[in-house]
Amino acid sequence: MRRELEFLKELNSAQLEVVKSVEGPLLVIAGAGSGKTRTLTCRMAYLVAQGVSPQKILLLTFTRKAAREMVERAGSLLKIDCSRIMGGTFHSVSQYMLRFYGHLIGYPANFTILDRSDAEDLLHLLRNSLGLAEKKKRFPRKNTLATIHSKLINQKKSLEEVLSKEYPQFLDYFEEIERLFIEYRNYKKEHYLMDYDDLLLNWLEVLKNFPQVREEVGQRFEFLMVDEYQDTNSLQGEIIKYMAERHQNVMVVGDDSQSIYGFRGADYRNIFEFPKIFKNTKIIKLEENYRSTQPILDLANAVISNARIKYTKVLYTKKKEGEKPIVFYARDEAESSKFVADRILELTEKGIKLSQIAVLFRSAFHSFDLEVELAKRDIPFVKFGGMKLLESAHVKDFLSILKISTNPLDFLSWNRVLLLLEGIGPRTAEKIINKLKGSTQLLFDPSTIISQFSSLKELQKFALLLKELQKQGEKTLFEKLSAIWEFYEPIFQRVYYEDYHRREKDIEGLIALSQKYESAEEFLADLALEPVETDEVEKKFDKEEYLTLSTVHSAKGLEWHTVFVISLVDGRFPSSYSINNEEELEEERRLFYVAITRARERLYLIVPTTVYVPGEGKVLAKPSRFLKEIPPSLMKVYSEEKKESPSIKEGAKETQAEFKPGDLVKHPHFGEGEVIEVLDSEKIKVFFPRKGPTILHLKYTHLEKLM
DNA sequence: GTTTACGCATCCCCG
DNA sequence: ATGCGTAAAC
């Protein structure tokens with residue numbers, strides 16, 4: 001074997017076959033933890049080693065981050081630069097292609113992308129201008145409208161079908177909603193806007209109608225690879241069909257039992273359609289699991305065996321030894337949180353790093369109680385799957401100003417910004433926008449219009465700012481954003497006076513980020529396609545050890561030594577939204593399967609017997625139906641007695657007596673510090689240079705005494 | 001006539 | 001925490 005291909009030795013025979021089958025259509029069914037990412041990475045490296053030029057390879061993944069990481073790893077396997085492999089999501093690649101080919105269907109190269117809340121705002125605006133808001137009976141809210149519209153597109157259903165099946169309460173408004181949606185599509189087309197769905201829809205339209213484009217794209221990308229194929233929708237399936245038409249060199253990887261995005265139109269049946277679209281498809285299954293121990297896999301297999309559809313594979317492992325998954329029945333959420341925190345501290349004392357532990361839950365808000373408990377005990381954590389930075393109001397305000405300067409026809413942003421200014425409400429904003437629309441000079445000088453509203457001082461300032469920003473070529477993006485911030489800061493302090501300090505950091509982070517970009521257009525497109533994590537998250541990433549809290553959806557593809565799944569009660573997991581629908585309930589079961597298969601060595605399942613429901617207070621909850629389906633022999637119930645086991649008590653006692661004020665100590669997360677005060681037998685106050693004064697519970701903290 | 005301030009219900013998962 | 005309607009303030 002050639003030396004540069006050493007990395008192939010790491011693979012098992014099925015994986016090796018995947019890597020070496022480079023030509024023709026290939027379908028890989030890859031179970032959880034079967035080394036799918038490694039196989040994909042090696043396949044890319046192998047292609048390049050065979051002399052395929054990196055830019056001929058296209059890798060489609062679920063997030064852009066995943067694509068970047070895989071490309072990087074392929075490069076390091078070969079020690080050849082592979083960065084010219086094009087990788088991204090369907091949305092980002094469609095966007096890229098549409099910048100070139102969009103003109104064929106009437107879009108200029110500088111079209112604007114609407115993110116989810118932009119789309120909602122537009123629907124809201126159109127709803128008002130159509131006079132639909134004044135109806136007596138409740139008209140769907142903008143959030144719901146956006147969801148319905150997206151379902152139509154992604155599931156290729158009619159409005160009638162979606163309404164009668166999922167929103168029968170709005171059937172009375174069928175005609176109004178239909179009219180609104182037509183307006184919505186027209187508006188987007190007229191103003192060169194695309195929402196997320198349009199990116200796929202329009203790229204597909206180009207491919208469908210222009211054989212020449214299919215030909216060119218086939219030449220540009222000779223090898224296609226698609227990850228997470230079970231979570232693609234039919235539009236994405238069709239896009240692949242056309243992009244691979246010329247050469248048929250297309251490989252897709254997926255796992256039908258891990259399909260968890262049906263709610264947004266994904267259809268795992270794409271996997272089974274694939275061999276029908278591409279004749280002579282080779283099918284390879286990866287069934288050996290390298291991640292989890294046998295007891296954890298047994299549980300996972302039991303969960304999935306209860307599914308209505310029987311899946312195609314059964315996972316096995318060579319790691320036969322291991323502890324049975326543990327179930328804990330907590331009185332309430334407080335006890336659940338306490339339990340989780342206790343176990344986590346035990347684990348860290350045994351040397352398991354915090355970064356090797358995760359707590360998973362169905363919905364972002366299920367972890368609220370736990371977050372408070374973790375903060376109390378100074379256990380650092382990062383939460384995934386919550387609100388994204390870009391969705392917060394202040395960031396949207398800020399970016400809207402930049403958007404106006406790039407595209408003065410972006411009346412959505414105009415509306416948003418105008419409403420922020422002193423003395424302008426919905427009526428005045430509408431008046432100003434109407435004047436702007438009527439002006440042909442708009443592109444060059446909106447300030448002539450604005451000067452008609454001379455009584456509005458802040459508006460005048462805004463006009464000056466725009467004039468500044470439009471001096472093309474003279475300012476870098478960074479300078480533009482700094483100028484915008486100078487204008488926006490006082491408004492910002494007025495509108496968000498309660499917590500503007502916290503929010504300020506987001507803006508600073510954004511301005512810092514902008515230095516990586518050449519143009520405002522590029523910056524904005526990137527932000528729309530790939531929401532940035534908050535500044536805080538980034539910091540914790542490289543500095544400290546941290547615990548992961550995550551929704552199951554955001555945990556896809558990841559793994560930890562120990563995994564806790566919390567809030568396992570009916571109505572939460574499975575979610576109450578899915579309980580009356582068999583299809584959706586099946587998806588919840590797969591979601592539970594995904595959660596379980598994230599664990600390598602240890603798995604805890606936590607069932608609170610009461611949960612807090614807003615408005616009703618604490619209510620009794622039924623344990624999740626998924627737990628009841630599992631043979632009890634596959635799990636161990638955690639008992640109270642064990643919690644009070646002597647070893648832990650002794651450990652606590654030992655530490656208690658040791659400290660007095662003035663002692664120098666070392667904490668696993670905060671580093672060295674000095675004891676200031678002993679509060680009682682369990683609590684001491686320590687000053688850490690890195691953190692400041694901190695109260696520690698000795699029972700849960702491992703403090704090393706330095707002198 | 002408009003804007004703004006305040007109290008009220010609602011809130012899943014995501015590119 | 002956000003989005004809505006209503007009532008007070010400009």
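Numbers restart at 1 for each chain; the letters A, B, ... are given by sequence-line order, proteins then strands.
Note on A:T89: only backbone sugar-phosphate atoms sit closer than 4.0 angstrom, heavy atoms only; bases stay farther off. At a threshold of 4.0 angstrom between heavy atoms, the contacts of A:F90 with the nucleic acid are absent. Residue contacts shown for A:I424 are limited to sugar-phosphate atoms, with no base heavy atom under 4.0 Å away.
As rounded to whole Å, 10 Å separates atom P of B:dC14 from atom CG of A:L591. If you take CZ of A:R416 and P of C:dT2, they are 11 Å apart, rounded to a whole angstrom. Taking atom OH on A:Y96 and atom P on B:dG15, their separation rounds to 22 Å, with Å as the unit.
In this structure, A:Y261 has its ring center closer than 6.0 angstrom to the ring center of A:H553. Taking the six-membered ring wherever Trp is involved, the centroid distance between the rings of A:Y192 and A:F111 does not fall below 6.0 Å. Ring-centre distance between A:F361 and A:F573: not below the 6.0 Å cut-off. Within the 6.0 Å centre-distance limit, the rings of A:Y187 and A:H191 are counted as a close aromatic pair.
For A:S575, the listed nucleotide lying nearest its side chain is B:dC12; candidates were B:dC13, B:dC12, B:dG15. Comparing B:dG15, B:dC14, B:dT2 by their closest approach to the side chain of A:K431 singles out B:dT2. Each of B:dT3, B:dT4, B:dG15 was ranked by its minimum atom distance to the side chain of A:R116; first place goes to B:dG15. Here the nucleotide nearest the side chain of A:A364, chosen from B:dG15, B:dC13, B:dT2, is B:dC13. Listed nucleotides: C:dC4, B:dG15, B:dC13. Nearest to the side chain of A:H91: B:dG15.
Of the residues near DNA chain B, A:R427 and A:R362, the one whose nearest nucleotide (by heavy atom distance) lies more toward the 5' end is A:R427. Of the two residues near DNA chain B, A:L419 and A:L200, the one whose nearest nucleotide lies more 5' is A:L419.
In terms of phosphate contacts, A:T551 brings a side-chain nitrogen or oxygen within less than 4.0 Å of OP1 or OP2 of B:dC14. Between A:S554 and the phosphate of B:dC14, there is a side-chain N or O to OP1/OP2 separation shorter than 4.0 Å.
With a 6.0 Å cutoff to the six-membered ring centre and a 45° limit on the axis angle, A:K556 counts as a cation-pi contact of A:F62.
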